[in-house]
Each structure stands twice: as C-alpha cells, then as structure tokens.
Asks: 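Okay, here's the structure, questions in a sec.
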Amino acid sequence: MINLNINQKSYEVDADPDMPLLWAIRDLVGLTGTKYGCGVAQCGACVVHLNGEAVRSCVTKVSRAEGKKIVTIEGLSKNNDHPLQLAWNEVNVPQCGYCHSGQLMSAAVLLRENPNPTDEDIDSAMSGNICRCGTYPRIRKAIHLAAELHKKEGGTK
Amino acid sequence: MAVILSMIGIMAFGLSTLNNRPNVTGETIQKIKKDSIASVRAFEQVYQVLMSPRCMNCHPSGDIPLQGDDSHLHEMHPKRGQDGKGVFAMKCANCHQPNNTPGLHTPPGNPDWHLPPADMKMVFQGKTAHELAKQLVNPKQNGNKSMKQLLEHADDGLVLSGWNSGEGRSQPPMSHAAFKKAWETWINTGAYAPKSK
Amino acid sequence: MSTNQVSRRDFLRVSGLAGTALCLGFYFPSSAKEAEIVNTSGVPKSEVELNAWIHIDTDGKVTIFNHRAEMGQGSFQSVPQIIAEELEVDLKEVNIILAQGNREKYGSQITGGSSTIRGSYKNLLKLSATARIMLITIAAKKWNVPITACYAESGHVLHKASGKKFHYGELVVDASKLEAPKEVVLKKISEYKLIRKPLHRQDTPLKTNGTAIFGLDKKLPGMLYATVERNPRLRGIVKSFDASAALKIPGVTKVFKVRMGVFNTFREGVAVVANSTWAAMQGKKALKVEWDDSGFEHINTTEIYRRQQEDLQTKEGLYLKKQGNPDDILRQEGKTIDVVYQTPYQSHSCMEPVNCVAHYQGDKVEIWGPIQAPEWVQDYISGQLGLPKEKVIVNMTFLGGGFGRKAFMDYPHEATMISKEIGAPVQVVWTREDDATQGPYRPGISYRCQGAIHNGEVTALKFRMSGQNNDHWRGGKTDQANRSTSEGFLKPYFDSIKNISFAEVQFETPVPTMWWRSVYASTNGFAYESFLDEVALAAGKDPLDLRRQYLQDERCQRLIDKMEEVSGWKKRKKNEGFGAAITECFSSTVGQIVKVSKDASGKIKIDQVWAVMDCGWYVNPDIIRAQVEGSIIMALGAATIHEITFKDGLVEQRNFYDYKMPRITDIPPIEVHIMENDADAGGVGEPGLPAFAPALTNAIFDLTGKRIRKLPFDLSAV
C-alpha cells in the first residue's frame with residue numbers, strides 16, 4: 001500500500017510503485033480531473049502539483065509522490081474561484097476543455113512564482129501544454145486577467 | 001601527425017594557476033607530467049564525447065536545451081532559468097524523473113537533471129576544440145572547478161547519465177571508461193588546448 | 001445552471017415527471033421538411049415517434065436536453081441559448097443534459113458538417129415559443145384575462161396590469177393538457193435578449209475544476225479496463241498471439257482476440273483486460289501478435305503521390321461539375337497555367353484519445369463515450385448484435401475533441417464486444433499511439449489545376465483531384481465523382497467564369513480515410529484558392545480585386561469589403577506580405593487575410609491573421625470567434641507542422657513527438673469579425689479552417705515570390 005496525500009486528504013492505494021501517478025489518481029483514487037493525453041510528457045494534460053511543482057503525472061511514478069503534497073485540479077480552489085479559474089470563465093477559454101486541467105495547473109505555478117507575467121513569461125511557462133482546439137490566444141489573455149484579479153485581491157490566493 | 005600547440009594561456013594555467021589554487025593537493029600536482037602532444041591527443045577524444053548529443057544537448061549556446069541525436073531545439077522550449085533547473089511550470093524535474101522513463105521518446109532521467117546556471121552557461125555548442133579546452137580549465141567558465149574537481153567531474157552523476165540515456169538514444173562515441181581515461185590523461189599531461197583553427 | 005450531466009438522481013426526477021411535466025416534441029413525418037410540433041406529455045413513446053428538448057417540473061425547474069455532442073464547438077451553450085430565448089427562462093437556472101442517442105426522438109444527432117445550429121435552430125425556436133405560449137395561455141385562463149395581457153419572463157408568466165405572476169411549475173400540469181398551437185410568432189432579431197449575445201458558456205465552470213465528465217472519466221461499479229493491440233497495418237486479421245507475458249503483469253485478467261467493424265470492413269486486434277488502465281497498457285506492451293495482412297497493399301507515401309500525380313497527367317477522371325468547355329479554351333490562345341498542388345494525410349489527434357465504456361448485459365447494452373453520432377452507434381450496434389434499438393442505450397459524455405474522428409462506430413463496437421466477452425462493464429482506452437496510428441485519416445490529395453487567361457480575364461478553370469474518397473468507406477457509389485470535389489469553392493464563380501470543370505481521378509489505398517474538420521474543403525481550399533492567386537498574377541490583377549470581380553454576390557462583396565477594411569489591404573507596406581483567401585463550406589463563407597514579414601534572422605514570421613465569417617443568423621458571437629481562432633490554429637498545424645506518412649503500410653507517426661502540435665509560442669495574433677445579417681444560419685465549427693493555408697502561402701508569395709504548392713511546409717525554411 002502506498003499513502004498519497006492529495007488535496008489535503010490522505011489515500012491508501014494498492015499500487016505497484018512503478019505505476020504512474022496519473023493512473024493512481026484516476027483509476028485508484030477516482031479523481032478524474034487530471035487527464036491522460038500522451039503518456040510521454042509531451043502534452044501537459046496530466047499536470048498536477050507535487051510539493052508545488054507542475055509535474056507531469058503520466059511519467060511520475062507513484063513512489064516519487066509518496067510523502068509529498070499532491071494537488072490536482074479538483075484541489076486548485078475550494079469554490080472554483082482561483083483567479084485563474086475566474087479568468088478562464090470570464091474569457092471563455094475552454095472549448096472541448098480536455099487539456100485545461102493541465103493548462104490551469106501549469107498557469108498556477110507561473111502566477112505563484114511570477115504574479116505579473118509578461119507574454120514572454122507566459123510562453124516560457126505554457127509551451128509544455130498542448131491544446132488541440134487552439135485556445136492559446138485566450139489562455140494568454142486569461143493569465144493576464146488572472147494576474148489583475150490576483151492583484152485586486154491583494155494576492156491572497 | 002604534427003601537433004602544433006597553442007601555448008598561450010594554457011601553459012601558464014598549467015603551472016601558475018594550479019600552484020596557486022589552495023584546494024589542489026600535492027598528490028594531484030605530482031601526477032601532472034606535462035606532455036603537450038599526449039594532452040592534445042587526449043583532448044581530441046574528450047572533445048568528441050563533449051560534442052556528442054548526450055553532453056552538448058544540455059550545454060547549448062542559447063537558453064533552451066537541445067534534444068535528440070540531431071540536437072534540435074528541445075521540443076516544448078523549456079528555458080534554462082537562473083539555476084539551470086527551468087522556470088515556472090517548465091522545470092526540468094517536472095518531466096525528467098530520477099530515473100529514465102521506460103519506452104522510446106520518453107524523458108531520460110537523473111535526480112539532478114539541469115543545465116548549467118545562467119551566470120555560468122558552460123556552452124559546448126559551437127565551440128572549437130581550442131575554445132572548449134580553454135573554457136574547461138578556466139574556473140571563471142567551468143563552474144569554479146579546480147583541477148581536482150575537474151578530474152572528479154568525470155564521475156559526476158549527470159555526466160555518467162550520458163551513458164545511460166534511455167531507450168533509442170545514441171551513446172557517446174566511446175565508453176565511459178575510455179572517456180575517463182582520456183579526460184584524466186588530458187588534465188594530467190597539462191590540459192593543453194589544441195591550436196585554434 | 002445547477003447540474004451538468006445526468007446524475008442518476010436528476011435523471012429519475014426528470015423522467016419520473018414525464019406524465020405531469022410539459023413535454024413538447026417534434027414529429028418528423030418522413031416527407032416533411034419542417035418538423036411538426038406536438039404535445040407529447042403523457043403520450044406513450046410507442047404510439048407516437050416524438051421527442052422532448054424541454055422538461056419543466058412542477059417546482060418550475062427547467063431541464064433542456066442538448067441532442068448534439070459537445071466537443072468544444074459549444075452546442076452545450078448554443079442549443080440552450082436558443083431554447084431559453086423563446087422559452088423566456090434564465091439560462092443560469094436551467095439544467096442542461098446531454099441527450100441519449102435516439103433518432104426517433106431527436107432526428108439527426110450526428111454532430112458533423114457544422115450542422116447543430118443550422119440544422120435545428122428553426123425548430124428549436126418554434127418549439128420553445130410554443131411552450132411559452134401554452135404556459136401563458138394557462139396563466140391567462142387562471143387570471144381570467146386575455147392572453148395579450150400577459151407575458152413571460154425568467155421562468156414566470158406575469159400579468160402586465162396587476163404584476164401578478166405564476167412560475168412555470170404552477171402552470172405546467174394544465175399546460176401539458178393543451179393542444180399545441182399550430183402557429184407561433186417568433187421574436188425578431190432586434191428583440192433577442194440572449195441570442196446574438198456573447199454569453200459565457202455554461203460548460204466552462206465544469207471544465208475549470210475537473211468536474212466535466214469526458215469519456216475517459218466515466219466509471220461504473222465493477223468496471224474493468226482494456227487496451228487493444230490492433231493490426232499496425234490497419235487491416236487484416238490476427239494470425240496468432242502469445243499472451244503468456246501479458247498475463248504475468250499484475251492486474252491483467254484476460255487476453256483475447258477481438259474484431260471490430262471499420263466502416264464497411266473490419267479489423268482485428270488482441271484485447272488485454274485488467275483492473276487498471278496502466279496494467280492494461282503494460283499488458284499490451286508484453287503481447288506478441290502475428291498478423292496476417294496479406295492481400296493489402298503495403299503503401300508508401302512517396303508511392304501515393306507518385307501515382308496520384310501520374311494519373312492527373314493522363315486521366316480525365318469522373319466529372320462532378322462541368323460548364324462550358326474548359327478543354328477547348330485551354331487549347332486556344334492566351335496564357336495558360338497548369339500546376340499541381342499536394343496536401344497530406346492528417347490525423348484528428350483529439351486531446352482525449354479515442355475511448356469507450358460499454359456494459360453488455362445479455363438482452364441489452366449500454367454505452368458511454370465521447371461520441372459524435374449516438375444514433376448511428378445505436379443503429380450499428382443494434383444491427384451487429386441483433387438487439388432491438390431500444391436495448392442499445394448510447395450516452396454522450398463531453399468529448400475531449402472530435403473533429404470527425406468520434407463520429408464512427410468502430411470503438412463503441414469494439415468496447416461492446418469486449419464487454420460481451422468478459423461479462424462486465426469495461427472502459428477501452430486507446431493509447432495516444434493507437435489513436436495516431438489507426439486512423440481513419442484525412443486523405444492526402446493531389447490536385448491538378450489549369451487555367452486560361454485571355455485579355456486579362458479568366459476564361460477557363462479546370463480542376464482535377466486525386467485522393468481517397470471517404471464515401472467509398474461508407475458504401476458510396478464508386479462510379480460517381482467524389483461529391484466533395486468542389487467543396488470549398490465559392491458558387492458565384494460559376495456565374496462569372498463560363499468554363500469550369502471539377503473532376504475526380506479515382507485513387508484507392510487500404511488506409512481508412514474519413515472526415516477531418518472541414519473535410520475536403522480543408523485541402524480543396526488550399527489548392528483552389530492558391531491557384532486563384534496564380535491566376536490573378538497571370539491576369540495582372542490584385543488578388544483581392546480578382547475575387548471581387550468574379551464573386552458577383554452581395555454577401556461576398558460585403559465580405560471582401562470587410563476583409564479589405566480590417567486588414568488595411570490597400571495600405572500594405574514594402575517588406576510586408578499580404579495574402580487573401582475565401583472559402584465556403586457548410587453554408588458559411590470565411591475570408592482570411594494573413595500578413596507575414598521576415599524576422600531579424602530572415603525567417604518568415606506571421607504577423608497577423610484577420611478572419612471574416614459570414615454565417616448568417618447566429619447564436620453566440622464569442623463562440624464563433626473562438627471556433628474561428630481554433631480553426632486557424634488547427635490549420636496552422638496542418639499546413640506547417642504535421643502530417644501522417646506511411647512506410648511499408650505502417651503509419652510513421654506515433655505521438656506528439658513526431659506528430660507535433662502548434663504550441664502557445666507558435667500562435668500569431670488572430671482577429672475575427674462576424675458579418676451581421678439575418679440570412680439562414682450557416683455552420684461555425686469548421687468553415688474557419690480552409691482559408692488559412694492558402695491565405696498564408698499567398699502572403700508568402702507576396703513577400704518572397706516563392707509559391708508553395710505542397711503542404712505541410714516548414715515555415716522556418718522558406
């Protein structure tokens with residue numbers, strides 16, 4: 001048994017230590033917001049936070065996550081009100097929506113480390129996340145908006 | 001083959017710099033038997049390895065690492081960052097695990113995966129043998145490494161991972177043992193640089 | 001909006017009230033063009049073939065069923081937005097439910113051909129207005145006032161004079177007993193409160209916190225997971241397989257051969273069933289399978305284009321359209337142009353790989369998945385398994401992209417066969433590699449384009465295409481030209497250019513091909529609109545002026561004016577390349593202008609894309625802008641980044657490392673403009689795609705004099 005701390009809850013999972021964290025989260029814990037896109041760290045659909053870093057859960061073995069804090073899209077905020085989630089709604093970013101769990105989790109690390117990102121910073125942070133629907137222009141716009149919202153809130157989130 | 005040496009700088013380094021470094025032991029110095037021909041010959045071997053994709057890909061001329069046996073720009077454009085470990089959501093360790101991920105086209109792994117830091121980029125890409133040799137022995141360009149530390153660097157975990165690079169990637173052009181031997185020979189014979197062309 | 005998809009509880013609540021709630025449906029007499037609206041409340045389904053989009057319960061809760069797939073294009077918002085307008089309800093207060101597949105209830109549900117709005121908006125408006133009138137009628141009766149003294153607003157009927165009001169739930173039982181009125185007056189565009197407004201999508205909140213349920217997110221009690229190793233040559237059968245290593249993987253429970261229909265043929269594979277997706281994937285890797293694909297050509301990409309282009313030089317092909325005599329004109333005096341364009345095979349590569357959940361239970365089967373055509377799946381599985389249609393229940397989840405790939409029956413069929421074999425519910429997961437290597441693909445096509453110019457005027461155009469015909473995979477006639485040979489080409493050209501022909505020089509391979517966003521327009525548009533640029537040059541005309549001259553149609557003229565105005569076409573400077581293209585498909589016309597220049601290193605840089613969409617009547621301008629932006633980015637990938645190639649019958653691309661995608665760093669600024677008119681609604685999800693590639697290559701020609709006739713091309717190597 002492996003103990004995983006996901007969104008501040010503890011889960012005991014019966015997983016092979018080599019199982020990628022993605023499948024433990026989705027199939028064993030049952031949190032399906034984190035997506036499978038490529039399985040080889042190419043697309044970013046599976047991004048979760050591991051001790052605050054935007055790791056790709058499809059190549060991260062469950063053993064690496066043991067004893068660390070995992071946050072998935074379900075835990076990004078309590079009420080869907082992270083500045084990024086609010087901005088995503090305001091800008092109507094998602095189309096099919098499948099990649100956006102990963103997009104949001106990547107963007108959240110960007111905003112935490114750089115509350116006022118330039119276009120170039122956004123490129124540097126988000127170039128690992130593929131969107132087949134082509135929502136990139138709106139992702140960019142929404143990250144800028146989220147930075148504004150974040151400032152107005154006094155940076156509490 | 002006639003080897004014409006570039007004595008400038010390197011010779012001076014071989015003597016004075018070494019002697020002046022406080023962390024170099026007498027033992028290390030004793031080993032050095034200056035032999036410019038053997039040294040340059042050894043460096044030719046070293047250079048082949050350092051310029052192979054497994055080493056050069058993480059010593060790029062720009063701030064984006066290279067990828068693949070053709071050393072193309074790394075696909076999703078991860079940036080070096082101040083500490084060489086990436087930026088924001090694009091840190092090396094987000095994809096590069098402590099070990100190689102199984103399968104073709106998966107991220108190779110190492111617990112300490114990184115590029116040289118922004119203030120000491122240690123660029124290999126585009127360097128001639130002359131330039132690279134000079135850079136390697138210059139503490140201001142080699143990560144503040146003494147000759148002893150340079151010698152030891154041959155067994156650094158990240159250097160070693162070049163020979164354990166994951167499925168489908170070419171190996172450096174010689175074994176690690178052969179590389180290490182050439183590396184040590186190069187340094188222990190005076191760390192001469194081949195002539196600039 | 002309070003819930004998103006049918007939770008068990010909500011579904012029971014809704015369906016349990018069927019007898020007392022107002023259910024309006026369309027009756028589709030087989031001969032009628034427009035549906036007749038009838039009151040279906042309490043009518044047993046077996047007696048009348050009907051449908052209900054709107055359910056209102058006695059508490060006043062309104063549920064709207066979206067009969068089309070939501071794959072990003074916005075039906076989950078736009079269908080309810082139409083209904084809420086005429087029903088007079090607050091969109092935030094209604095439940096929206098993705099309907100099950102049911103041809104009898106909903107008519108066509110296939111979410112393709114950009115047809116959701118254009119195919120159903122008139123009926124939906126009428127249906128919703130009818131419901132509103134019936135509710136008002138009952139309220140008026142209760143207050144004993146004329147109907148005209150009452151109006152509806154936010155789920156209530158109000159009496160104008162007194163301000164008294166009923167919520168819909170208080171009226172619905174009596175309203176359900178009324179005969180549906182035959183005629184209703186619909187709102188004018190100027191009266192719309194919701195339609196034509198850029199309302200926020202109701203599915204966005206579900207897609208920002210992980211609660212939207214896509215196909216892969218569907219879980220059932222006792223559900224197992226399966227992967228399938230399918231013939232890498234896309235056809236043929238399993239000769240033998242060795243499961244011993246696969247069965248040693250912890251969690252793998254069963255390995256067996258499975259056969260699934262692929263259009264009018266089939267393919268075989270070996271299924272690995274396990275207790276987690278990962279175990280099933282590990283098991284698949286450990287399988288050893290020997291394939292028999294004898295009898296199928298082991299195709300190579302170079303051979304495909306060699307054969308197509310050889311045939312285009314020697315064969316006339318089957319004519320789809322021919323007016324005048326282009327051959328005679330081409331033989332006469334004047335300038336002629338004769339060139340070949342080439343476009344690649346493409347994969348849909350939805351972010352959500354193909355997958356399906358099936359639960360076979362002997363006398364019935366229930367299916368959940370990212371499905372574009374639920375009623376087709378129902379028909380097909382019913383036929384294959386010999387089950388009555390009502391025993392094949394097909395549920396649409398949200399789709400993580402569709403683009404045409406998820407309109408087929410192969411993967412639900414496969415999942416059903418696996419569930420049948422193991423006697424348990426199963427989720428069949430296609431790996432990214434399966435998704436990339438198994439097709440069906442957009443066909444790669446070569447075009448031969450010939451034109452004659454006399455005294456500066458275009459006197460003849462002759463187009464021939466050679467590439468696989470998708471219709472042949474669905475039993476289409478092989479003695480007729482591909483009906484999409486001229487798709488994308490604007491109809492007014494036929495009025496102004498006397499001699500035009502379009503023909504298909506037939507070409508087949510064993511590779512399954514099928515619709516890919518904007519279908520043949522996506523490749524035709526590149527060939528035909530690039531060629532018109534070449535014709536303009538030969539005729540000594542400005543490319544946009546040529547289009548203006550030959551597109552004598554009021555809407556086209558306005559579109560061209562708009563393109564010129566927003567892009568500053570006439571004010572373009574030296575060192576700037578401007579390219580234009582206009583295409584039409586699925587009843588919408590889109591014009592695009594691309595501006596390029598060279599960066600400091602001399603590489604081509606796309607500075608700006610302007611797109612002008614004329615789709616007639618429309619619902620939500622922001623969804624339209626989003627669809628056009630996305631279409632342009634998808635077109636950018638198909639034109640400059642990726643292609644599917646074949647070597648010895650095997651697909652060479654496997655994942656995003658060799659079928660690369662545009663990333664945020666590759667995206668030029670895109671500006672989308674929508675033409676305002678009240679012409680019949682056209683499509684939105686696809687028509688924004690085809691004009692991009694030719695507008696880009698025309699711009700590159702304008703800047704560099706280099707004509708690109710083959711896609712994809714490397715933008716950094718021009």
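Numbers restart at 1 for each chain; the letters A, B, ... are given by sequence-line order, proteins then strands.
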Asks: Chain C heavy atoms under 4.5 Å from Asn129(A): which part of the residue, side chain, backbone, both or neither?
Replies: backbone

Asks: What about Trp23(A) and Tyr36(A), are their ring centers closer than 6.0 Å?
Replies: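 Yes - the distance between ring centres of Trp23(A) and Tyr36(A) falls below the 6.0 Å cut-off.
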
Asks: Which atoms form the tightest heavy-atom contact between Ile2(A) and Ala15(A), and what is the distance?
Replies: CD1-O, 3.7 Å

Asks: Under 3.5 Å, side chain of Thr60(A) to main-chain N/O of Leu21(A), donor-acceptor pair present?
Replies: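 Side chain of Thr60(A) to backbone of Leu21(A): no pair is present.
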
Asks: Give the minimum heavy-atom separation between Ala424(C) and Leu224(C), together with the two atoms involved.
Replies: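 Shortest heavy-atom contact: CB-CD1, 4.4 Å.
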
Asks: Who among Gly134(A), Ala24(A), Gly33(A), Gly30(A) has the most heavy-atom pairs with chain C under 4.5 Å?
Replies: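 It is Gly134(A).
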
Asks: Before accepting this row, confirm whether a basic side-chain N of the pair Asp27(A)/Lys219(C) lies closer than 4.0 Å to the acidic partner's carboxylate O.
Replies: yes

Asks: In plain terms, say whether Lys35(A) and Glu352(C) are close enough for a salt bridge, that is, a side-chain N and a carboxylate O under 4.0 Å apart.
Replies: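 A salt bridge is absent here (no side-chain N lies under 4.0 Å from a carboxylate O).
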
Asks: Looking at Pro370(C), Pro250(C), Pro662(C), Ala436(C), which makes the most heavy-atom pairs under 4.5 Å with chain A?
Replies: Pro662(C)

Asks: Who among Cys38(A), Pro94(A), Cys133(A) has the most heavy-atom pairs with chain C under 4.5 Å?
Replies: Cys38(A)

Asks: With chain A, which of Gly74(C), Ala279(C), Pro353(C), Ala626(C) has the greatest number of heavy-atom pairs at distances under 4.5 Å?
Replies: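 Top option by heavy-atom pairs under 4.5 Å: Ala626(C).
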
Asks: Could you give the distance from CE (Met351(C)) to CZ (Arg132(A)), rounded to the nearest 0.5 Å?
Replies: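 It is 9.5 Å, given to the nearest 0.5 Å.
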
Asks: Picking from Leu104(A), Ile122(A), Leu28(A), Asn89(A), which has the most non-hydrogen pairs under 4.5 angstrom with chain C?
Replies: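 The option with the most such pairs is Asn89(A).
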
Asks: Using non-hydrogen atoms only, which part of Leu76(A) is less than 4.5 Å away from chain C: side chain, backbone, both, or neither?
Replies: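 No part of it gets close to chain C.
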
Asks: Which one of Met126(A), Glu120(A), Arg26(A), Glu74(A) has the most heavy-atom pairs closer than 4.5 Å to chain C?
Replies: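 The candidate making the most pairs under 4.5 Å is Arg26(A).
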
Asks: Do you know which of Gln77(C), Gln73(C), Met281(C), Lys660(C) has the most heavy-atom pairs with chain A at a distance under 4.5 angstrom?
Replies: Met281(C)

Asks: Begin with the C-alpha distance, continue with both residues' side-chain angles, and end with the deciding distance and a verdict on salt bridge (charged side-chain N to carboxylate O under 4.0 Å, His left out) for Asp123(A) and Arg663(C).
Replies: CA-CA 9 Å; Asp123(A) 280 353; Arg663(C) 293 177 181 271; over 6 Å; no

Asks: Would you call Asp622(C) and Arg201(C) a salt bridge, taking side-chain N to carboxylate O under 4.0 Å as the test?
Replies: no

Asks: Does Glu70(C) use its side chain to pair, donor to acceptor, with the backbone of Gly72(C) at less than 3.5 Å?
Replies: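 Answer holds: yes.
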
Asks: Can you list the residues of residues 39-58 of chain A that sit under 4.5 Å from chain C, counting heavy atoms only?
Replies: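 Expected list: Val40(A), Gln42(A), Cys43(A).
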
Asks: Surrounding NZ of Lys197(C) (heavy atoms of other residues, nucleotides or ligands, distance under 6.0 Å), is the total greater than 12?
Replies: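 Counting neighbours around NZ of Lys197(C), more than 12 heavy atoms of other residues, nucleotides or ligands fall under 6.0 Å, so yes.
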
Asks: If you tally heavy-atom pairs under 4.5 Å against chain A, which of Met71(C), Glu629(C), Met634(C) wins?
Replies: Glu629(C)

Asks: Kindly state whether the ring of Tyr98(A) and the ring of Phe398(C) have centres lying under 6.0 angstrom apart.
Replies: no

Asks: Using non-hydrogen atoms and a 4.5 Å limit, figure out which bit of Asp16(A) sits close to chain C: side chain, backbone, both or neither.
Replies: side chain

Asks: Relative to chain A, which segment of Ile249(C) carries a heavy atom at a distance below 4.5 Å: side chain, backbone, both, or neither?
Replies: neither

Asks: Chain C heavy atoms under 4.5 Å from Leu22(A): which part of the residue, side chain, backbone, both or neither?
Replies: neither

Asks: Can you tell me if Lys68(A) has over 12 outside heavy atoms packed within less than 6.0 Å of its NZ?
Replies: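 Yes - once you tally the heavy atoms of other residues, nucleotides and ligands closer than 6.0 Å, there are more than 12.
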
Asks: Checking Glu433(C) side chain against Arg654(C) main chain: does a donor-acceptor pair fall under 3.5 Å?
Replies: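 A pair under 3.5 Å: no.
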
Asks: Examine whether an atom of Asp217(C) lies under 4.5 Å from a heavy atom of chain A, and if so say whether it belongs to the side chain, the backbone or both; otherwise answer neither.
Replies: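 Its backbone and side chain both get close to chain A.
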
Asks: Quick one: which of Gly128(A), Gly97(A), Ser124(A) has the most heavy-atom pairs under 4.5 Å with chain C, could you say?
Replies: Gly97(A)

Asks: Go through the steps for Asp18(A) and Lys61(A) under the test salt bridge (charged side-chain N to carboxylate O under 4.0 Å, His left out), then give the verdict.
Replies: CA-CA 5 Å; Asp18(A) 281 353; Lys61(A) 289 175 181 175; 3.7 Å; yes

Asks: Among Pro137(A), Ser127(A), Cys99(A), which has the most heavy-atom pairs under 4.5 Å with chain C?
Replies: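 Looking at each option in turn, the highest pair count goes to Ser127(A).
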
Asks: Name the member of Ser276(C), Gly637(C), Gly251(C) that forms the most heavy-atom pairs with chain A at distances under 4.5 Å.
Replies: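 The answer is Ser276(C).
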
Asks: Please rank Val429(C), Leu399(C), Leu216(C) by heavy-atom pairs under 4.5 Å with chain A and give me the top one.
Replies: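 Among Val429(C), Leu399(C), Leu216(C), the one with the most close pairs to chain A is Leu216(C).
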
